[in-house]
Chemist: 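One structure coming up, written as structure tokens, with questions to follow.
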Amino acid sequence: MSAPAPSPLAIVEVGPEHTPARQDEVLTDAALAFVAELHRRFTPRRDELLARRAERRAEIARTSTLDFLPETAHIRADDSWKVAEAPAALNDRRVEITGPTDRKMTINALNSGARVWLADFEDASAPTWENVVGGQINLIDAYERRIDFTDAGSGKSYALKPAEELATVVMRPRGWHLEERHLQFEGRPVPGALVDFGLYFFHNAQRLLDLGKGPYFYLPKTESYLEARLWNDIFVFAQDYVGIPQGTIRATVLIETITAAYEMEEILYELRDHASGLNAGRWDYLFSIVKNFRDGGAKFVLPDRNAVTMTAPFMRAYTELLVRTCHKRGAHAIGGMAAFIPNRRDPEANEKALAKVKNDKDREAGDGFDGSWVAHPDLVPVARASFDAVLGDHPNQKSRLREDVSVSAADLIAIDSLDAKPTYQGLIDAVQVGTRYIEAWLRGLGAVAIFGLMEDAATAEISRSQIWQWVDAGVVFENGEKATADLVRKIAAQELAAIRTEVGEDAFTTGKWQQAHDLLLQVSLDADYADFLTLPAYELLG
């Protein structure tokens with residue numbers, strides 16, 4: 001076989017201090033040629049779908065409602081179709097751990113005892129070039145069993161357990177909206193989703209088959225069945241390109257946008273030869289509700305984010321419809337995140353938090369979910385116990401069809417069914433979390449421990465979106481203060497001063513605190529609401 005021609009993709013130099021040492025192992029001519037072909041074939045459709053998102057958002061602004069699609073009613077009414085049978089490595093998903101693909105996390109997640117690791121190039125990973133390429137290297141090294149890590153601070157060493165004890169990897173590429181400026185075609189950045197998917201699939205598809213598994217993916221930020229169709233066409237092309245059987249790829253779609261909640265069956269249908277399930281998110285889902293209905297009036301104003309639990313009526317409608325939809329079509333239903341970080345220094349607080357995690361996972365298992373997410377290895381046994389109690393020796397409970405569930409279009413957007421209201425402390429919390437997360441993201445960290453929780457970009461999105469919504473709606477808090485831009489600026493200035501005192505002058509100066517403060521105010525207060533805060537943030541990322 002002759003060597004592949006040089007790729008038409010240009011690698012934009014980032015300087016030697018930011019270039020991963022083994023970049024050439026990932027950016028081979030053959031791999032780049034594959035990514036270039038993905039870009040040529042599929043980026044124009046991606047662009048059309050992003051434009052369609054904007055059109056749909058304008059329609060929601062005009063009508064303040066959503067409904068199930070009449071043009072796809074025949075798909076929902078046809079009880080005969082099912083998704084492909086799950087491969088053995090994805091049949092039991094009772095506990096999944098999530099996290100970025102840095103070297104230490106790669107080892108810890110694979111060793112965690114979870115059945116699945118969501119290896120995240122999206123919300124838990126700031127897309128620096130080092131993270132994008134380094135994460136690919138770490139996954140290849142893990143599959144080749146040549147990965148190890150020694151913590152410079154503690155001296156502790158990390159290595160992989162035996163293969164049969166390792167979690168199955170389900171990789172999450174970036175969403176359709178993000179570009180990768182370091183790979184360009186004729187002066188235009190390639191979509192980050194195609195870079196992440198393309199490099200991972202090209203290098204690892206056969207490698208994973210040799211290990212008895214396969215190239216499995218989580219698909220984020222999907223807003224319509226047409227976006228699922230695009231992914232399916234990419235999968236078909238990619239499998240033919242590298243010469244592996246059709247249906248080898250399996251995809252789990254995150255239902256984390258309000259529009260996708262009305263198209264769950266259609267999304268599974270489009271991906272039916274490659275689908276393995278749907279996942280019920282929380283923060284991105286709430287963010288999507290605010291984004292789409294931000295000018296819909298008081299009935300769409302969300303209270304503090306921590307007041308919107310999964311037992312809220314409109315969230316319960318969403319999760320129960322997801323379980324019913326998945327099981328009707330033979331797919332796995334995967335529950336939401338337990339983001340708590342165990343704190344061994346405070347046993348009493350730890351016990352209370354673990355009890356909340358247990359209650360949440362008990363509820364999910366009782367509702368019919370087949371598995372759920374945790375953010376920390378110490379939570380794996382807690383979540384596993386909840387699902388073990390329901391599943392026993394069965395790998396899942398897809399036989400529970402939940403035919404008792406009946407959800408109307410109105411139920412999914414009945415935000416005003418909640419009694420809770422926004423609070424002044426909720427505004428402070430949103431400013432604090434938003435500032436602290438954005439600062440870490442700008443330093444290249446996507447998964448950040450803040451006030452005892454593992455936060456990612458979705459947390460910052462709901463925080464800044466709620467600030468925007470409360471100011472726009474003129475919310476009056478319980479203390480009589482009205483949500484205004486000036487009040488947000490005052491709280492943000494106070495938080496910045498408190499952080500300066502907390503971290504010390506040196507850490508404050510060398511950090512990205514002022515940039516984070518300024519960006520939070522920009523995306524929280526600008527009249528022109530930014531679709532994703534990561535878009536302006538990416539322009540500031542080193």
Side-chain angles (χ1 to χ4, degrees), residues 67-69 72-96 115-116 170 218-219 222 225 228 247 250-256 258 260-282 285 310-336 360-373 383-384 386-412 414:
D67 204 345
F68 300 106
L69 302 178
T72 53
H74 62 286
I75 292 172
R76 298 192 299 275
D78 180 356
D79 291 337
S80 67
W81 65 268
K82 299 282 191 292
V83 303
E85 188 175 345
L90 281 181
N91 202 29
D92 188 330
R93 305 177 62 170
R94 66 187 69 198
V95 187
E96 304 192 357
R115 297 299 178 103
V116 165
V170 180
Y218 259 111
L219 304 181
T222 300
Y225 75 94
R250 292 305 168 91
T252 306
V253 180
L254 293 116
I255 303 299
E256 56 185 354
I258 185 62
Y262 288 84
E263 301 181 32
M264 287 192 264
E265 288 197 75
E266 294 91 328
I267 286 168
L268 286 175
Y269 180 81
E270 293 294 341
L271 286 160
R272 59 194 180 280
D273 294 333
H274 300 103
S276 64
L278 303 176
N279 169 271
R282 183 178 174 191
Y285 189 73
M310 298 304 276
T311 59
F314 68 98
M315 295 298 282
R316 190 128 183 88
Y318 148 64
T319 55
E320 293 208 308
L321 180 61
L322 186 145
V323 172
R324 173 171 181 159
T325 300
C326 285
H327 289 182
K328 176 182 178 183
R329 303 305 181 181
H332 283 71
I334 308 299
D360 188 50
K361 300 311 172 190
D362 285 351
R363 174 190 54 78
E364 288 182 326
D367 283 349
F369 281 96
D370 302 294
S372 189
W373 285 5
R384 185 170 55 226
S386 295
F387 280 89
D388 284 351
V390 171
L391 297 179
D393 294 332
H394 298 285
N396 54 63
Q397 52 181 331
K398 289 191 288 188
S399 59
R400 273 193 72 191
L401 297 182
R402 291 306 312 269
E403 291 175 337
D404 57 304
V405 170
S406 177
V407 173
S408 72
D411 292 338
L412 293 170

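In this chain, numbering begins with 1 at the start of the sequence shown.
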Chemist: Below 4.5 Å, heavy atoms only, C-beta onward: do Asn396 and Arg93 meet side chain to side chain?
Modeler: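 No; the side chains remain at least 4.5 Å from each other.
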
Chemist: Between Phe68 and Glu263, does a side-chain contact (heavy atoms from CB on, under 4.5 Å) hold up when you go through it step by step?
Modeler: CA-CA 7 Å; Phe68 300 106; Glu263 301 181 32; over 6 Å; no

Chemist: Would Leu412 and Phe314 count as a side-chain contact (heavy atoms from CB on, under 4.5 Å) if you check the C-alpha gap in whole Å, the side-chain angles of each, and the deciding distance to 0.1 Å?
Modeler: CA-CA 5 Å; Leu412 293 170; Phe314 68 98; over 6 Å; no

Chemist: Taking Asp78 for its side chain and Ile75 for its backbone only, find out whether a donor-acceptor pair lies under 3.5 Å.
Modeler: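 Pair absent, no side-chain N/O of Asp78 close to backbone of Ile75.
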
Chemist: Are any non-hydrogen side-chain atoms of Glu96 and Ser372 less than 4.5 angstrom apart?
Modeler: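 No. Closest side-chain heavy atoms not under 4.5 Å.
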
Chemist: Nearest 0.5 Å please: distance from the SG atom of Cys326 over to the CD1 atom of Ile334.
Modeler: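 Reported to 0.5 Å precision, the distance equals 8.0 Å.
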
Chemist: Could you tell me if the side chain of Leu401 sits less than 4.5 Å from the side chain of Arg324, heavy atoms only?
Modeler: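 Answer no - side chains too far apart.
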
Chemist: Among residues at least two apart in sequence or on other chains, which ones pass salt bridge (Lys or Arg N to Asp or Glu O under 4.0 Å) with Arg329?
Modeler: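 Residues passing salt bridge (Lys or Arg N to Asp or Glu O under 4.0 Å) with Arg329: Glu265.
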
Chemist: Does the side chain of Leu278 come within less than 4.5 Å of Leu268's, by heavy atoms?
Modeler: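 Answer yes - side chains close enough.
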
Chemist: Tell me whether Arg272 forms a cation-pi arrangement with Tyr269, defined as NZ or CZ under 6.0 Å from the six-membered ring centre and within 45 degrees of its axis.
Modeler: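 Yes, a cation-pi geometry holds between Arg272 and Tyr269.
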
Chemist: Got a second to check how far Thr222's OG1 is from Ile255's CD1, nearest 0.5 Å?
Modeler: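 If we round to the nearest 0.5 Å, Thr222:OG1 and Ile255:CD1 are 7.0 Å apart.
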
Chemist: Ion pair present between Arg402 and Glu320, side-chain N to carboxylate O less than 4.0 angstrom?
Modeler: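 Salt bridge flag = yes for Glu320 with Arg402.
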
Chemist: Distance from Asp92 atom CG to Asp370 atom CG, nearest 0.5 Å?
Modeler: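 Reported to 0.5 Å precision, the distance equals 9.5 Å.
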
Chemist: Within this structure, what is the CZ-OG distance for the pair Arg384 and Ser386, rounded to the nearest 0.5 Å?
Modeler: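 One gets 11.0 Å once the value is rounded to the nearest 0.5 Å.
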
Chemist: Can you give me the closest heavy-atom contact between Arg94 and Pro395, atom names plus distance?
Modeler: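 Shortest heavy-atom contact: NH2-CA, 4.0 Å.
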
Chemist: Output yes when Arg316 and Asp367 qualify as a salt bridge under the 4.0 Å nitrogen-oxygen rule, no when they do not.
Modeler: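 A salt bridge is present here (some side-chain N lies under 4.0 Å from a carboxylate O).
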
Chemist: Taking only residues two or more places apart in sequence, or in another chain, which ones meet Tyr318 in a side-chain hydrogen bond (donor to acceptor under 3.5 Å, both in side chains)?
Modeler: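 Partners of Tyr318 under the side-chain hydrogen bond (donor to acceptor under 3.5 Å, both in side chains) test: none.
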
Chemist: Looking at every heavy atom in both Asn91 and His332, which two are closest together, and how far apart are they?
Modeler: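 Shortest heavy-atom separation between Asn91 and His332 comes out as O-NE2, 2.8 Å.
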
Chemist: List the atom of Leu219, the atom of Leu271, and the distance in Å for their closest heavy-atom pair.
Modeler: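 Here Leu219 and Leu271 meet closest at CD1-CD1, 4.1 Å.
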
Chemist: Check Tyr262 against Asp67 and note the closest heavy-atom contact, atom names and distance.
Modeler: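 For Tyr262 versus Asp67, the nearest heavy atoms are CD2-C, 3.5 Å.
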
Chemist: Quick one: closest heavy-atom pair of Ala333 and His327, and the distance?
Modeler: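 Answer, listing the atom of Ala333 first, then His327: CB-NE2, 4.2 Å.
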
Chemist: Which residues satisfy the salt bridge (Lys or Arg N to Asp or Glu O under 4.0 Å) test with Arg76, sequence neighbours excluded?
Modeler: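 In terms of salt bridge (Lys or Arg N to Asp or Glu O under 4.0 Å), with neighbours along the sequence ignored, Arg76 is linked to Glu266.
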
Chemist: Side chains of Val170 and Leu90, heavy atoms from C-beta outward: is any pair under 4.5 Å?
Modeler: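 Sidechains of Leu90 and Val170: in contact.
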
Chemist: Check whether any side-chain heavy atom of Lys361 sits under 4.5 Å from a side-chain heavy atom of Val95, and report yes or no.
Modeler: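 Answer no - side chains too far apart.
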
Chemist: Test your reading of the model: is there a side-chain donor-acceptor pair from Trp373 to the backbone of Gly281, 3.5 Å cut-off?
Modeler: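 No, the answer is negative, given that no donor and acceptor are paired below the 3.5 Å cut-off.
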
Chemist: Decide yes or no for Arg282 and Met315: does some side-chain heavy atom of the first lie under 4.5 Å from some side-chain heavy atom of the second?
Modeler: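 Yes, at least one pair of side-chain atoms sits under 4.5 Å.
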
Chemist: Might you work through the side-chain hydrogen bond (donor to acceptor under 3.5 Å, both in side chains) test for Thr252 and Asn279, ending with a clear yes or no?
Modeler: CA-CA 7 Å; Thr252 306; Asn279 169 271; over 6 Å; no

Chemist: Thinking salt bridges, do Lys328 and Asp79 make one under a 4.0 Å N-O criterion?
Modeler: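 Yes, charged N to carboxylate O under 4.0 Å.
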
Chemist: What are the two closest non-hydrogen atoms of Gly330 and Lys398, and how far apart are they?
Modeler: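 Smallest interatomic distance, heavy atoms only, reads O-NZ, 3.2 Å.
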
Chemist: Any side-chain heavy-atom pair from Thr319 and Phe369 closer than 4.5 angstrom?
Modeler: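 In short, these two side chains touch, coming nearer than 4.5 Å.
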
